[in-house]
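Both backbone and side-chain heavy atoms feed into the values below; hydrogens, waters and symmetry mates do not. We count ligands from 1, going down the list as the structure has it; atoms in each ligand are counted the same way.
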Amino acid sequence: MPTDPAATSERRADLERRLGAVRARITAASREAGRDRVPELIVVTKFFPDADVRLLQELGVRDVGENRDQEAASKATELADLDLAWHFIGQLQGNKAKSVVRYATALHSLDRSSLVTALGKATTRENQGREDAGLPRRAALTTLVQVDLRDDAQREAADPGVGRGGALPADVLQLADLVAETEGLELGGVMAVAPLGAPPASAFERLASIAADVREAHPGANWISAGMSHDLEQAIAAGATHLRVGSDVLGPRPPVL
Ligand SMILES: *Cc1c(COP(=O)(O)O)cnc(C)c1O
């Protein structure tokens with residue numbers, strides 16, 4: 001990790017420039033779409049070091065996203081002195097629920113009912129522990145249902161090991177109801193990743209219509225988490241409220257191991 005001050009200031013300037021460019025794209029796309037509210041930017045810091053997160057915080061970033069519990073937990077602990085909101089955006093195993101509820105303010109990747117149960121239990125236990133220690137309860141975990149927007153052909157063609165995750169559209173409302181009635185969780189809305197090899201605009205339109213159905217049943221659940229580095233403009237046009245942008249802010253990620 002570069003502790004060399006010259007390397008740090010160079011990295012800082014690099015992040016500032018990239019962040020500025022992404023913010024400019026967001027402003028332009030919001031204006032183009034005639035939106036009066038600019039969506040929130042969540043900077044996805046996965047695979048990048050604590051030092052980068054610290055620099056981003058100094059540059060005004062408040063929301064950061066991570067997709068692996070071990071890495072996220074370690075960063076949240078190391079950077080506990082910073083005023084940051086941690087968004088968990090990756091597939092989550094039930095046995096990691098206990099860990100995630102300790103640092104995350106939002107979970108974007110709820111994809112099955114067993115995970116609702118695990119998160120509900122974890123928040124109850126966490127709050128019990130905090131109460132016993134004389135600490136205040138945690139705020140409810142904002143929970144988004146992740147939607148699998150692939151069509152049947154795309155799902156069949158996909159390598160089963162690299163599913164992009166998410167609940168089938170037909171199951172979303174039921175999962176949303178379940179989240180809404182679980183203590184310790186607050187239904188935030190929906191999230192999706194545009195399927196590979198198809199135009200993102202139509203995928204995001206489908207997501208917007210699912211989001212509207214969810215809002216009809218749960219008026220407060222108004223988050224639409226959509227849009228990454230390469231498709232944030234299309235997501236903004238379709239009404240995204242939260243963008244998850246990694247590489248266009250931080251640079252290319254090291255290859256996934
Ligand atoms: C990594 C990741 C992102 C950010 O992707 P970029 O293309 O680097 O902007 C967004 N959403 C999810 C779910 C991710 O895993």
Please report which non-hydrogen protein atom sits nearest to atom 11 (N) of ligand 1, along with the residue it belongs to and the distance in Å to one decimal place. Arg244 NE, 2.9 Å
re atom 9 (O) of ligand 1, the protein heavy-atom contact at minimum distance is Ser229 OG, 2.5 Å
When Arg23, Arg17, Glu16 are each screened for side-chain contact (heavy atoms from CB on, under 4.5 Å) with Leu19, the one that passes is Arg23
Any side-chain to backbone donor/acceptor pair from Arg244 onto Ile42? Under 3.5 Å, distance only. no
Separation of His108 NE2 from Asn67 CG (nearest 0.5 Å): 12.0 Å
Kindly confirm or rule out an N or O of His230 lying under 3.5 angstrom from an N or O of ligand 1. no
Close approach, His108 and ligand 1, non-hydrogen under 4.0 angstrom: no
Should Met228 be counted as touching ligand 1, given the test is an N or O pair under 3.5 Å? no
Are the side chain of Ser109 and the backbone of Gly90 linked by a donor-acceptor contact shorter than 3.5 Å? yes
Should we say atom CZ of Arg125 is surrounded by more than 12 heavy atoms from elsewhere, each under 6.0 Å from it? no
Looking only at heavy atoms, is any part of Lys46 under 4.0 Å from ligand 1, and if so is it the side chain, the backbone, or both, or is it neither? side chain
Looking only at heavy atoms, which two atoms of Pro195 and Ala203 are closest? And how far apart? CD-CB, 3.7 Å
Counting non-hydrogen protein atoms only, what is the nearest one to atom 13 (C) of ligand 1? Give residue, atom name and distance. Ile89 O, 3.6 Å
Taking 4.0 angstrom as the limit and counting only heavy atoms of Val245, give me the atoms of ligand 1 inside it, by number and element. 9 (O)
